[in-house]
Structure formats: structure tokens, C-alpha cells
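A short write-up of the structure that comes next.
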Amino acid sequence: MHTHFMDKLRNYDVSFSGLKTGKHEFRFEIDKEFFQLFDTEQEFTNPKITVDVLLDKHSTFLEFEIKVNGTVALVCDITNENFNHPIENQIGVLVKFGEEYDDSEEDVITIPSNDHAFNIAQLIYENVALSIPMKKISPNVTDEDLEILEKFSPKETEEEEPKSDPRWDALKNLKNKN
């Protein structure tokens, strides 16, 4: 890890050692530069995201609540136009102290007991990444566009027998009764 990178990442440290127990709030504004710290396939174009961090400091552990809010520009899978996608997500994580860093438990992260700060960059990143849909579809895309797309996309279910529709069955039964 080159130091320049580490320095940049350090901007997302939440320093807790000097804080009293109780609630503390931090705010980070993240942009393109933040995402360049991560080796990612995903395109984060023009991200404008505010991160609100609520830290509840207890005597033996820390509770973090991390909220991301903002927009990121995505390219529509259908029309290839750029559109702004709202990013809104929230995660809570418990930070405990132990021998060494360990994030194998869900929602619990253990950090070395001599650490003075907790770096939330990875959590911010995941929080934003989770808000990005697999299928990127611009709000300008109409249902009509989607139907056209459905027609042209390969169907996997062509081999299946058409299932009978219970409404038709009911009608047939009515006809048969007459």
C-alpha cells in the first residue's frame, strides 16, 4: 500500500479515543475521488453523496450507524443515456476491541484494542454499492420500451407447455354446463 493511498483513506477515519461516552455525529462528503480509492469494476460517475455517521460510544464497545444519501450517475442499460440514481442506504455496525482486526462476524467488527480510530471507508463503499441496482434503467424508460426489450430478449421458458389459465378454465366449465 503506498502511503499516499493510506493518507487518503485516513480521511475516513472516525477518531474515537478522545471522545466521551455517548452519541457523536460525523459527516463526510464523498465524490469521485473516494471511489478511486477502491479497485472497482463498477462505474461511479459523478457521485454526490453525503455520509452521516452516528457514533454511540460505550465504555467497552462502539456502535456505528452509517447513512448514505445522494445520487450517482448511471448509464441506462436500455437507452445508454446517463441518469441520476438516488443513493439511500443505512447500515449499523458494532465495533468491539480484541487482539486483531476481524470482520468475519456479521454486523460486528473487532479492531485491535490499541486502535484510536475506526476507518469507515469500506463500509461507506459497500453501503453505496448496495444501493446500485443490477439492472440500470433510466426513469425515462417507459413500460413500452421494457415490453419491446422483453420481446427481443431470449426467452428461457419457450420449451414449457403454456400453463392453463384458471380464469379460462372457469369459463370453459361454464360453457360445458350449458
Side-chain angles (χ1 to χ4, degrees), residues 1-78 80-141:
M1 288 284 208
H2 43 101
T3 52
H4 179 59
F5 171 78
M6 292 307 285
D7 288 346
K8 281 229 160 84
L9 215 50
R10 211 160 271 142
N11 295 337
Y12 305 97
D13 272 356
V14 173
S15 191
F16 54 78
S17 59
L19 301 176
K20 296 187 181 70
T21 51
K23 290 188 161 66
H24 304 271
E25 291 185 37
F26 303 86
R27 173 168 270 198
F28 300 86
E29 300 289 338
I30 61 173
D31 53 21
K32 207 178 165 92
E33 204 174 55
F34 172 80
F35 292 102
Q36 287 162 352
L37 296 172
F38 294 88
D39 183 22
T40 169
E41 293 294 297
Q42 218 163 7
E43 274 298 304
F44 294 96
T45 318
N46 196 15
K48 293 189 179 68
I49 298 168
T50 304
V51 183
D52 283 304
V53 180
L54 185 65
L55 160 60
D56 198 349
K57 186 180 180 184
H58 303 263
S59 49
T60 54
F61 67 97
L62 310 167
E63 243 177 310
F64 280 92
E65 201 170 276
I66 301 168
K67 288 183 188 167
V68 293
N69 214 308
T71 57
V72 56
L74 299 178
V75 177
C76 178
D77 291 339
I78 297 175
N80 281 335
E81 64 177 336
N82 278 354
F83 67 99
N84 272 338
H85 179 74
I87 296 289
E88 200 181 334
N89 210 354
Q90 179 177 343
I91 41 180
V93 65
L94 220 57
V95 177
K96 298 191 308 196
F97 299 96
E99 291 290 296
E100 53 188 33
Y101 184 89
D102 175 16
D103 60 3
S104 56
E105 266 183 273
E106 191 158 356
D107 303 331
V108 179
I109 294 177
T110 302
I111 62 175
S113 19
N114 53 359
D115 275 14
H116 301 295
F118 177 61
N119 188 284
I120 58 168
Q122 182 68 36
L123 291 172
I124 296 174
Y125 175 79
E126 285 169 16
N127 222 347
V128 173
L130 288 171
S131 313
I132 292 186
M134 295 296 290
K135 270 201 149 113
K136 302 173 183 62
I137 295 176
S138 153
N140 302 335
V141 171

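In this structure, Y12 has its ring center under 6.0 Å from that of F34.
Although no hydrogens or angles enter the test, the distance criterion places a donor-acceptor pair under 3.5 Å between the side chain of S113 and the main chain of G98.
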Contacts table for residues 103-112: side-chain donor-acceptor under 3.5 angstrom, sequence neighbours left out:
{"unit_1": "S104", "atom_1": "OG", "unit_2": "D102", "atom_2": "OD1", "d": "2.7"}
{"unit_1": "S104", "atom_1": "OG", "unit_2": "D102", "atom_2": "OD2", "d": "3.4"}

Show me the side-chain donor-acceptor pairs of residues 87-94 shorter than 3.5 Å, one per line, residues at least two apart or across chains.
{"unit_1": "N89", "atom_1": "ND2", "unit_2": "N127", "atom_2": "O", "d": "3.1"}
{"unit_1": "N89", "atom_1": "ND2", "unit_2": "N127", "atom_2": "OD1", "d": "3.3"}
{"unit_1": "Q90", "atom_1": "NE2", "unit_2": "E65", "atom_2": "OE2", "d": "3.2"}

Pairs of donor and acceptor atoms involving the side chains of residues 66-78, under 3.5 Å and at least two apart or interchain, shall be tabulated with distances.
{"unit_1": "D77", "atom_1": "OD2", "unit_2": "K136", "atom_2": "N", "d": "2.8"}

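Between F83 and I137 the shortest side-chain heavy-atom distance does not fall below 4.5 Å. Between L62 and V14 there is no side-chain heavy-atom pair separated by less than 4.5 Å.
Evaluation of the salt bridge (Lys or Arg N to Asp or Glu O under 4.0 Å) rule for D52 yields R27 as partners, not counting sequence neighbours. Shown here are the side-chain hydrogen bond (donor to acceptor under 3.5 Å, both in side chains) partners of E33, two or more places apart in sequence or in another chain: there are none. With sequence neighbours excluded, the residues that form a ring pair (Phe, Tyr, Trp, His ring centres under 6.0 Å) with F118 are F64. For N11, the side-chain hydrogen bond (donor to acceptor under 3.5 Å, both in side chains) criterion is met by no residue, not counting sequence neighbours. The ring pair (Phe, Tyr, Trp, His ring centres under 6.0 Å) search around F61 returns H58, not counting sequence neighbours. Every residue was checked against the salt bridge (Lys or Arg N to Asp or Glu O under 4.0 Å) condition with D115, not counting sequence neighbours, and none meets it. In this structure, the ring pair (Phe, Tyr, Trp, His ring centres under 6.0 Å) partners of F16, at least two apart in sequence or on a different chain, are F97. For Q36, there are no side-chain hydrogen bond (donor to acceptor under 3.5 Å, both in side chains) partners two or more places apart in sequence or in a different chain. Under the side-chain hydrogen bond (donor to acceptor under 3.5 Å, both in side chains) criterion, N46 pairs with K48, sequence neighbours left out.
Contact between D13 and F28 at its shortest, heavy atoms only, is O-CZ, 4.2 Å. Taking all atoms of both residues into account, the shortest heavy-atom contact from K57 to K20 is CD-O, 3.6 Å.
In this structure, S17 OG and N114 CG are separated by 11.0 Å, a value rounded to the nearest 0.5 Å.
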